[in-house]
2 protein chains.
Amino acid sequence: MSDLLERLRGRGWRMTAQRRVVAEVLDGEHVHLTADEVHARAVAKLPEISRATVYNTLGELVSLGEVLEVSTDKRAKRYDPNAHRPHHHLVCARCGAIRDVRPIGNPLADLPDSERFGFTVSDVEMTYRGLCPDCASA
Amino acid sequence: MSDLLERLRGRGWRMTAQRRVVAEVLDGEHVHLTADEVHARAVAKLPEISRATVYNTLGELVSLGEVLEVSTDKRAKRYDPNAHRPHHHLVCARCGAIRDVRPIGNPLADLPDSERFGFTVSDVEMTYRGLCPDCASA
DNA sequence: TCCTATATTGGACTTAGTCCAAGTCAAGCA
DNA sequence: TGCTTGACTTGGACTAAGTCCAATATAGGA
């Protein structure tokens, strides 16, 4: 994730301890934390960081395109650092576990003109649902 | 939607003025109201109906499978009465307009085993995004 | 008509997130 | 290195969406 920090610095981001910590927390594959979870982990590294700063920083990362907002359950938004590799999500209906997945094919092409209602369609977001191995065997 | 009321009565639902009004409000194609919108329209027909009852009734309709919960924007949940005709959604990124759409193909089959992480996948939910004709021309 | 399990009500509460004025500090410049 | 300043952070108040609950009302069967 240090390349992320480099990219951000290059874009004129002022580098602060708080931003560094948020970026560190949001590292890895299959990471989908809520803002509160990010805050909790950030506090462990930098006790005085505030909720407002976590929200601000997440919002900035999202609008810079470095982090994706996903809302797979209907509760809090989750933040996905895997923004540079397009993907969809597979969610366990029981425990909420989330994996990043890459289906084959091009779902955009599967929407016929007759189903576009004159819209200019530019993007599609897919959420697969099912049971994870643990919940399926329980 | 009177067939809905019949079905519900058949399932042992006690029929009240409030439930009838909520069911009436949720009638039609391409209807995707928030709970508050449902409440506002219900109040127009039955001034003393409470927010709690609207939430209760919507929740029951969802768990009976008569109404779908969709969260296309990241704000309030929306309720979609078009539950018996499987479909996905096309959302205007600017104004939030929503249409029901039916893509061709079977997206479930497009998730290879190697991308299933041992999950039992049973369902997929797709949200197309773009600009509606009005917003595209503005 | 009466009875009672079921439904409704309104208000308090919770959760997720936003906003803001005041204080702090990173980083460019001398 | 030590200023300066505008960008960043803070905490607390605020909002929106939704849940919960104890008290009250009522649908529908006997």
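To find a chain, count down the sequence lines: A is the first, B the second, and so on, and within it residues start at 1.
D:dA27 atom P lies 15 Å from atom CG of B:Leu5, rounded to whole Å. One interatomic measurement links the two molecules: CZ of B:Arg75 to P of D:dG18, which rounds to 10 Å at whole-angstrom precision. Look at OH on A:Tyr55: it is 13 Å from C1' on D:dT15, rounded to the nearest Å. Atom CH2 of A:Trp13 is separated from atom P of D:dC8 by 9 Å (rounded to the nearest Å). Rounded to an integer number of Å, the gap from CG of A:Leu46 to P of D:dC8 is 17 Å. Going from atom CZ of A:Arg11 over to atom P of D:dA7 covers 18 Å, rounded to whole Å. Between the P atom of D:dG18 and the CG atom of B:Asp36 lies a distance of 7 Å, rounded to the nearest Å.
OP1 or OP2 of D:dT10 lies within a sub-4.0 Å distance of a side-chain N or O belonging to A:Gln18. Using a 4.0 Å cut-off, no side-chain N or O of A:Thr53 falls inside it from OP1 or OP2 of D:dC8.
Classified by interplanar angle (parallel below 30°, tilted 30° to 60°, perpendicular above 60°), the ring pair B:His32/B:His30 is tilted.
If you check every strand for non-hydrogen atoms under 4.0 Å, A:Arg19 touches sugar and phosphate atoms only.
A salt bridge links A:Arg19 to A:Glu60: at least one charged side-chain nitrogen sits closer than 4.0 Å to a carboxylate oxygen. Under the 4.0 Å criterion applied to side-chain N and carboxylate O atoms, B:Arg78 and B:Glu69 are not assigned as salt-bridge partners.
Surrounding CZ of A:Arg102 are more than 12 heavy atoms belonging to other residues, nucleotides or ligands, all under 6.0 Å away.
For the pair B:Thr34 and B:Asn56, nearest-nucleotide mapping onto DNA chain D gives the more 5' position to B:Thr34. Remark on DNA chain D: of its neighbouring residues A:Ala52 and A:Gly12, the 5'-side contact belongs to A:Gly12, judged by nearest-heavy-atom nucleotide.
Chain B approaches DNA chain C over the interval C:dA5 to C:dG10, counting the first and last nucleotide 5' to 3' with an atom under 4.0 Å from its heavy atoms.
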Taking N or O atoms only and anything under 3.5 Å, show me the protein contacts with nucleotides 3-6 of chain D, one pair per line.
from, atom 1, to, atom 2, distance (Å)
D:dG6, N2, A:Arg14, NH1, 2.8
D:dG6, N2, A:Arg14, NH2, 2.7

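Between the side chains of B:His87 and B:Asp80, at least one donor N or O lies within less than 3.5 Å of an accepting N or O.
Between B:His89 atom NE2 and B:Leu68 atom CG the span is 7.0 Å, to the nearest 0.5 Å. Taking CE of A:Met126 as the start and CG of B:Leu108 as the end, the distance is 8.0 Å to the nearest 0.5 Å. For the atom pair B:Leu58 CG and B:His39 NE2, the distance stands at 11.0 Å (nearest 0.5 Å).
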Side chain to side chain contact (heavy atoms under 4.5 Å, CB included) for B:Trp13 and B:Arg7? Distances and angles first, verdict last.
CA-CA 9 Å; B:Trp13 236 39; B:Arg7 275 203 301 282; over 6 Å; no
